[in-house]
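Below is one structure, written out as structure tokens; comments come after it.
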Amino acid sequence: MERRDSLRVLAGALLALPAAGWAAGNSEPAGGALVVVARDDSPIAALDALQIHKAYLGLDVAVDGGNLQPLINDTQAPLHEAFLQHVVGSSELNFRRRLLLLTLQHGRPAPLAFESEDALLRTLLSNPYAITYMWLSRVRLLPRLRVVKVLWQQ
Amino acid sequence: MSGPPRFRSFLTFLATLGVALPSLAVAHQHDDDHALTVFVSAEHVEHEQAPAGTGGMQEDSSLLADFLIGVRHERFRLLGEFVLGNDDHEFERLQLGYETSDSSTLWLGRYHQPASVWNVVYHHGQFVQTSVTRPWMENWEDKGGALPQHNVGLLYETEFAGRSDSLWRLSTSFGLAPTLKPHELEDIAPFTGTYRGAGTTTSARIEWLPRAVGEDSLGLVVSRSQINADYRPAGARTRLDLEMLGGFLTLHRERLRGLAVVYLLDFRNTNADATPIRERHLAGYAQLDFELSEYLTLYGRQEDSSARRSAYLSQFPMAAARRTLAGARYQIGRWNALSLEVSRRTPFNGNTFGEVRAQWSAVIP
């Protein structure tokens, strides 16, 4: 019996690991949300999921008088994983492959990626059509940002 | 290419870099689109001797760097792709474009003709195509390809939204076609004089994507080429008319990615004093990639033709009446990959032989 219980615990742990990994990849505090933001005086009124998806695949998306400039927020791995899951719906390698194909086919650059939040915010605030994604809890601590789309909410 | 044209080509590359790099810097200052990406690959191949089938092995190695430059300033665009290899270097693409609308561009220059299904997707970016090799019918002219791939002229690309998030893409082109040399096509290269005596190619491609952001697509391609020969096979100057009609399908489902292409090829030698050639046959390929894990992909491809003999295609050592291959690609991090590929190939009018290829490919984004 003890051995069977041990196996059961082991099986449970193995089953729980992927779920724990998924949860870790979305480690926004309980009740949090993944949101897309622009600077507070941006003319962008609202965005839908398809527009955001297209923009991050490097396609031109015209909204409210300008073209979106998507910025990749690479400042923390769990946030980026949540973005891949909820926005582009693919793995990191497949996402990068799509961006390389875009460059090959049209000579278009991939969206800029930032590992530093300061640099990300500087670029975001310099262009009224720039967008990026953050945890909602982080947005509340930063001035001059406005949420234009809630991508995922716990 | 011979020495002087190659030298001119290299000088052109340096001159273009001289224009493109300041343009990139200016574009950077003005927040315009600009891209500089480098794809590199090193490949080693061992193959049985063909067609004698003596059992001996031949081997070959190659090293390739593909510099891709894209600049967009207001409605003008520049796209350059320069390949530097251990045995060749040339501008594979050099296009100046003008955006006639938000979704349409008119290009002038050297481009990949839109009826080539594989090459319009992957171009020279070895790193993004899973397999080491490309299907023989999509081979570049200077790598034994039998069908025109590079043209110099006008290319028009447009896309428009369809119903429920679908997308239509249309490309059409008209330009100078490659010239037939003994056992190879010589493509038109800028500033080299290779355009003298060249025929023309007209081609078009229409593609429907059920989801604009997806990878699934269904399409048709059509082309017509006049290929002039500047030597005298069978004692006469010849001109070959090639007509091609094709269809393709790409699918991406979770871990599976597939591409299937079929071409109806029609070759006609229209010169009265040469031995007439009139061949029409189907040729196609299907490749399936399976992601065993995020980093390891297994793949297989079958290339086939309805003909086993061809007066035109047998001039090209790389053309295969049939080829079966399988391989594995292991990606190392984001930007490197190692691939191993084995294949069996039957040339037109020839004997079957085997090949093993190993490749390292990478990209500097």
Side-chain angles (χ1 to χ4, degrees), chain A residues 18 21 25 48-63 65-72 74 77 80-81 84 86-113 115 122-130, chain B residues 24 27-28 31-37 39 66 68-72 77-81 93 95 97 99 102-103 105 107 112 119-130 157 159 165 167 169 171 211-215 252 254-255 257 291 293-295 297 331 333-335 337 363 365:
Chain A
D48 63 38
L50 184 63
Q51 287 174 306
I52 297 166
H53 193 168
K54 281 183 177 176
Y56 275 100
L57 288 181
L59 304 172
D60 278 341
V61 179
V63 288
N67 273 342
L68 290 182
Q69 185 195 10
L71 308 175
I72 295 174
D74 241 345
H80 186 59
E81 285 172 22
L84 290 172
H86 297 289
V87 178
V88 294
S90 75
S91 67
E92 169 70 11
L93 294 187
N94 197 44
F95 175 56
R96 297 287 170 182
R97 180 180 176 277
R98 292 289 301 272
L99 296 181
L100 286 173
L101 286 173
L102 170 89
T103 305
L104 266 174
Q105 290 166 6
H106 307 290
R108 303 280 301 277
L112 295 172
E115 294 181 357
R122 271 198 305 276
T123 307
L124 183 70
L125 295 175
S126 69
N127 179 359
Y129 292 97
Chain B
L24 285 169
H28 183 73
D31 289 332
D32 289 341
D33 285 347
H34 55 282
L36 174 58
T37 305
F39 294 84
D66 177 28
L68 190 80
I69 299 167
V71 180
R72 185 188 196 188
R77 294 171 66 177
L78 173 70
L79 174 61
E81 189 174 20
R93 286 187 288 168
Q95 304 171 212
E99 294 179 350
D102 286 344
S103 56
T105 306
W107 297 96
H112 293 151
N119 295 332
V120 168
V121 176
Y122 300 115
H123 297 279
H124 293 265
Q126 189 68 45
F127 178 78
V128 287
Q129 67 176 43
T130 314
E157 295 178 317
E159 60 181 40
D165 297 338
L167 184 75
R169 285 184 181 146
S171 307
R211 289 180 65 232
V213 291
E215 292 187 70
H252 185 208
E254 298 286 329
R255 295 178 165 197
R257 181 177 285 117
E291 288 178 18
S293 71
E294 187 176 7
Y295 291 92
T297 302
Q331 183 147 344
R334 282 182 179 176
W335 312 121
V363 62

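Note that the coordinates shown come from a computational prediction; the quantities given were computed from them, not determined experimentally. So you know, we letter chains A, B, ... as the sequences are listed, proteins then strands, and number each from 1.
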Exercise for the section: Please confirm whether the backbone N or O of A/Arg108 pairs with a side-chain atom of A/Thr103, one donor and one acceptor, at under 3.5 Å? Expected result: yes

Handout entry: Derivation and outcome, side-chain contact (heavy atoms from CB on, under 4.5 Å), residues A/Asp74 and A/His80
Key = CA-CA 6 Å; A/Asp74 241 345; A/His80 186 59; 3.5 Å; yes

Problem - Listed partners of A/Arg98 passing side chain to side chain contact (heavy atoms under 4.5 Å, CB included), at least two apart - result: A/Leu57, B/Glu215

Exercise for the section: Look at B/Tyr122, B/Phe127, B/Tyr295 and state which one has the largest set of heavy-atom pairs under 4.5 Å with chain A. Expected result: B/Tyr122

Completion exercise
Interface check, chain A: of B/Glu254, B/Glu157, B/Arg93, B/Glu291, most non-hydrogen pairs under 4.5 Å belong to B/Arg93

Fill in the blank from the handout: Turns out that what part of B/Val128 lies under 4.5 Å from chain A's heavy atoms comes down to both

Handout entry: Which atoms of B/Gln95 approach chain A - backbone, side chain, both or neither, heavy atom under 4.5 Å
Key = neither

Practice task
Against chain A, label B/Glu294 side chain, backbone, both or neither, depending on which of its atoms sit under 4.5 Å from a heavy atom there.
Solution key: both

Handout entry: Residues that B/Asn119 engages under side chain to side chain donor-acceptor pair (under 3.5 Å), provided they are two or more places apart
Key = B/Ser116, B/Arg134, B/Gln149

Practice task
Determine the interplanar angle of the B/His123 and B/His112 rings, folded into 0 to 90°, and report it as parallel if under 30°, tilted if 30 to 60°, perpendicular if over 60°.
Solution key: parallel

Completion exercise
The reported gap from CG in A/Leu102 to CG in A/Leu59 (rounded to nearest 0.5 angstrom) is 7.0 Å

Handout entry: Contacting region of A/Leu99 [heavy-atom separation from chain B under 4.5 Å]
Key = neither

Exercise for the section: Please look at B/Val121 and chain A and tell me whether the side chain, the backbone, both or neither of the residue comes under 4.5 angstrom of a heavy atom of that chain. Expected result: both

